[in-house]
2 protein chains.
Amino acid sequence: MSNPQRKQTVTEISDATLRQFFGYRMKRAFNVVQADLAQTLKRYELRMLTYSALVLIVDNPGLRQSQLADAMDIERPNLVVLIDELERRELILRDRVPNDRRAYALKPTLAGQQLCSQAVAAVTAHEEALLQDVDASERAAATDVMKKIERRYRDG
Amino acid sequence: MSNPQRKQTVTEISDATLRQFFGYRMKRAFNVVQADLAQTLKRYELRMLTYSALVLIVDNPGLRQSQLADAMDIERPNLVVLIDELERRELILRDRVPNDRRAYALKPTLAGQQLCSQAVAAVTAHEEALLQDVDASERAAATDVMKKIERRYRDG
DNA sequence: CCTAATAGATATGGAGTATAACAATGATGA
DNA sequence: TCATCATTGTTATACTCCATATCTATTAGG
């Protein structure tokens with residue numbers, strides 16, 4: 001390692017072209033956030049998607065699978081396995097919707113509510129630590145940009 | 001649809017708990033950006049990763065696969081198939097590194113350079129359209145936040 | 001030399017996502 | 001009523017992305 005050109009290859013990689021793209025920056029930052037989240041949720045045996053589903057069911061008891069899939073922006077077939085998992089762990093249950101025997105009313109169990117509270121608290125703390133360099137106004141500004149991007153998509 | 005309670009289910013889903021998380025907003029916005037990018041790259045038969053790899057090879061001709069994997073933050077085995085694909089399409093080639101017969105020096109072909117230019121221009125235009133509601137100062141603020149998150153991870 | 005480290009490749013599995021197709025049920029209109 | 005269509009959840013399938021273990025060829029270092 002004494003000779004800096006010992007292998008006659010590029011020494012420093014430039015990502016100048018990619019760095020100009022907002023999406024590139026977003027992907028790199030999101031990878032960090034996602035890795036931190038996954039690490040945080042591991043002790044609750046939750047993943048990002050099972051966590052999101054659980055929180056939404058706790059906050060909206062009685063919702064249908066199709067509503068949950070819409071809210072999570074995933075396809076109905078992919079939600080089924082998530083719900084299967086949460087149900088098998090007895091964190092939620094599939095109740096019947098009265099007057100519509102096609103649909104399930106998803107409801108959290110007591111254990112599901114408790115795990116949800118713990119997980120939300122843990123995620124809040126970890127996200128706070130991850131964003132400790134970012135003050136409130138910066139977060140608000142970044143959040144506004146995210147909202148605009150999301151809205152732009154919904155509108156078409 | 002005349003009776004708003006006709007099915008006795010939750011009518012409007014609340015994601016208030018999740019919305020408080022920066023990571024949640026980021027994921028939703030990033031999904032939009034990624035979908036737009038994928039759509040843009042489709043006509044060039046590129047995906048996000050093959051596109052990133054191609055751009056980095058064009059900008060850093062002669063770099064090694066392990067350097068590229070580092071730059072892209074992906075594992076070496078996963079890069080191999082990306083490089084295979086770009087090489088098979090004759091957008092890049094695996095040259096030999098002098099004095100190190102283990103390594104390849106990745107270089108773009110002329111076709112690779114041309115496709116890269118076209119793709120970069122298309123991505124730039126599409127990203128501009130996606131961000132047309134977001135002015136320069138907002139973008140800069142959001143980009144700063146992304147940089148801080150990324151740096152926080154690198155530092156530990 | 002002998003051993004350890006490095007570069008690339010192969011195999012494999014998990015996770016996320018998307019589509020097609022199906023059964024059961026509900027809604028609608030002739 | 002009844003025929004038709006839409007909706008709900010499900011199964012099967014496939015593709016992409018990501019991670020790990022393991023292998024070879026080669027290089028580096030004691």
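Numbers restart at 1 for each chain; the letters A, B, ... are given by sequence-line order, proteins then strands.
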Please state whether the phosphate of D:dT10, meaning OP1 or OP2, lies under 4.0 angstrom from any side-chain nitrogen or oxygen of A:Gln65. yes

Determine: side-chain N/O of B:Ser66 to OP1/OP2 of C:dG8, distance under 4.0 Å, yes or no. yes

Check: C:dT25 base within 3.5 Å donor-acceptor of A:Arg101 side chain: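 No such pair is found, so the answer is no.
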
Using whole Å, report how far [atom1] of [X] lies from [atom2] of [N].
| X | N | atom1 | atom2 | value |
| --- | --- | --- | --- | --- |
| A:Leu79 | D:dG9 | CG | C1' | 10 Å |
| A:Arg96 | C:dA24 | CZ | C1' | 10 Å |
| A:Arg64 | D:dG9 | CZ | P | 7 Å |
| B:Glu85 | C:dA9 | CD | C1' | 17 Å |
| A:Ile83 | D:dT10 | CD1 | P | 9 Å |

Taking ring-ring contact (aromatic ring centres under 6.0 Å, His included) as the test, write out the residues that go with B:Phe30, two or more places apart. A:Phe30

Hey, what do you get for CG (B:Leu79) to CG (B:Asp84), rounding to the nearest 0.5 Å?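 Going from the CG atom of B:Leu79 to the CG atom of B:Asp84 covers 9.0 Å.
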
Taking C-beta and beyond as the side chain, do B:Asp15 and A:Asp59 meet within less than 4.5 Å on heavy atoms? no

Side chain to side chain donor-acceptor pair (under 3.5 Å), that's the test. Do A:Tyr24 and A:Arg28 meet it? Break it down for me. CA-CA 6 Å; A:Tyr24 180 72; A:Arg28 298 195 73 102; 2.8 Å; yes

I'd like to know if the side chain of A:Thr50 reaches the main chain of A:Leu46, judged simply by a donor and an acceptor atom lying under 3.5 Å from each other, with no hydrogens or angles considered. no

With B for base contact, S for sugar-phosphate-only contact and - for none (protein heavy atoms under 4.0 Å), nucleotides 13-20 of chain C reads --SSBBBB

